[in-house]
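Written below as structure tokens is the structure these notes are about.
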Amino acid sequence: MPVINRIADFAQEMTEWRRDLHAHPELGLEEHRTSDVVAEKLKSWGIEVTRGIAKTGLVGTLRAGTSNRSIGLRADMDALPMQESNDFPHRSQNDGAMHACGHDGHTTMLLGAAKYLSETRNFDGVVHFIFQPAEEGLGGGKIMVDEGLFDRFPCDAVYGAHNETTLPVGQMVAVAGGVSAASDRFWITITGRGGHAARPHRSIDPVVVGAHVVLALQSLVSRRLDPLDSAVLSITQFHAGSAGNVIPDEAVLNGTVRTLKPDVQDAMESMMKSVVEATAAAHGATAVLDYRRGYPPVVNAPEPTERAARAAARVLGDGKVIRQRPPGMGGEDFSFMALRVPGCFVRIGQAAGARGSVPVHNVRYDFNDDILPIGASFWSTLVEQELARGE
Ligand SMILES: [Zn+2]
Ligand SMILES: [Zn+2]
């Protein structure tokens with residue numbers, strides 16, 4: 001693999017860092033140990049560290065030469081509230097938390113670049129290594145921006161990366177324009193009237209109403225939206241009842257909506273409200289939709305995307321960088337950074353047969369350590385290219 005030789009030399013060390021992080025996953029805004037580990041490594045390489053941005057977030061700043069040009073590189077650090085099913089030695093030691101999205105690998109790749117760049121300093125300008133908490137739902141990226149990230153650490157451009165389990169090792173994606181979806185959440189509270197399960201006519205059963213609501217909502221995308229528009233509506237939780245012979249008073253459903261266009265996002269919210277309320281009313285119940293807008297879509301700016309693609313091609317070779325493809329329906333809070341500073345979010349392939357191809361957010365997922373040197377080389381090459389000396 002044409003990665004930077006010096007980085008290939010410490011690939012084993014990076015694997016150890018990554019597996020240590022994997023074994024000690026921490027949920028959003030609680031990444032205390034992770035933040036300590038990152039800060040300690042950055043300091044040991046002589047990198048200036050600023051902590052406590054978005055609670056557990058931190059920024060490492062490395063300067064070389066005299067130029068004021070600056071670049072921001074972002075990694076996320078949080079794990080998911082899941083129970084890991086893997087049984088390898090570095091499996092999660094924290095019950096109910098798992099690095100099932102590879103943020104342990106993202107953190108490690110950026111640390112690898114920080115180590116290399118602090119040793120070589122073959123650039124002229126300022127690099128900000130941004131380690132953010134809470135990507136998975138709590139919007140750590142937004143909190144960092146709101147707490148003045150780019151005022152305190154001005155960046156000419158900002159870049160982020162995510163592993164991809166359907167893309168082979170040795171390939172990357174750098175696509176201009178929209179690459180992720182708007183990611184919203186909703187809660188539906190259905191209120192009926194509880195009672196004895198043997199006398200349903202004296203109750204209003206919120207479980208049956210909830211079942212109708214689930215099915216009615218599944219017709220919105222298939223029957224109400226323009227087929228050429230994209231949306232996802234997934235109901236992921238349905239909570240009601242506590243006994244086999246009791247009709248409960250209430251049922252609570254929740255889930256997520258993903259859309260690519262603002263008008264489709266507006267339409268989904270208003271159609272959901274009317275379907276939820278009217279379906280409940282048709283059964284004599286009431287229902288309230290609490291719809292909360294989450295992450296906006298990540299929109300990659302043309303110039304940073306061009307530069308990221310160039311750096312990726314230097315590491316992986318021409319023809320290994322995908323430059324055009326449709327957006328995915330996942331959400332990413334890198335969007336909040338890319339809304340403030342021109343940015344690009346790239347994907348790094350990690351599939352090699354069965355290795356690295358278990359989907360993210362699966363209980364058997366693991367980050368593929370083989371791509372640690374690729375990611376670290378990509379970040380380092382991007383810095384040496386963008387902050388090239390003698391310009
Ligand atoms: Zn994720
Ligand atoms: Zn992720």
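Just follow the structure's listing: the first ligand is 1, and inside any ligand the first atom is 1.
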- Message: Under 3.5 Å, is there a donor on one side chain and an acceptor on the other for Arg74 and Gln132?
- Response: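 A donor-acceptor contact under 3.5 Å links the two side chains.
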- Between the side chains of Tyr295 and Glu135, is a donor N or O closer than 3.5 angstrom to an acceptor N or O?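 Short answer, no.
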Side chain of [X], backbone of [Y]: donor and acceptor closer than 3.5 Å?
X: Gln350; Y: Gly356; result: yes
X: Glu147; Y: Ile53; result: no
X: Arg18; Y: Phe367; result: yes

- Query: In a check of side chain to side chain donor-acceptor pair (under 3.5 Å) between Tyr365 and each of Asn86, Asn163, Thr165, which one passes?
  - Reply: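 Answer to the side chain to side chain donor-acceptor pair (under 3.5 Å) test with Tyr365 among Asn86, Asn163, Thr165: Asn163.
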- Query: Counting no waters, what protein N/O/S atoms lie under 2.8 Å from the Zn ion (ligand 2)?
  - Reply: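 Atoms qualifying: Cys101 SG, His103 NE2, His162 NE2.
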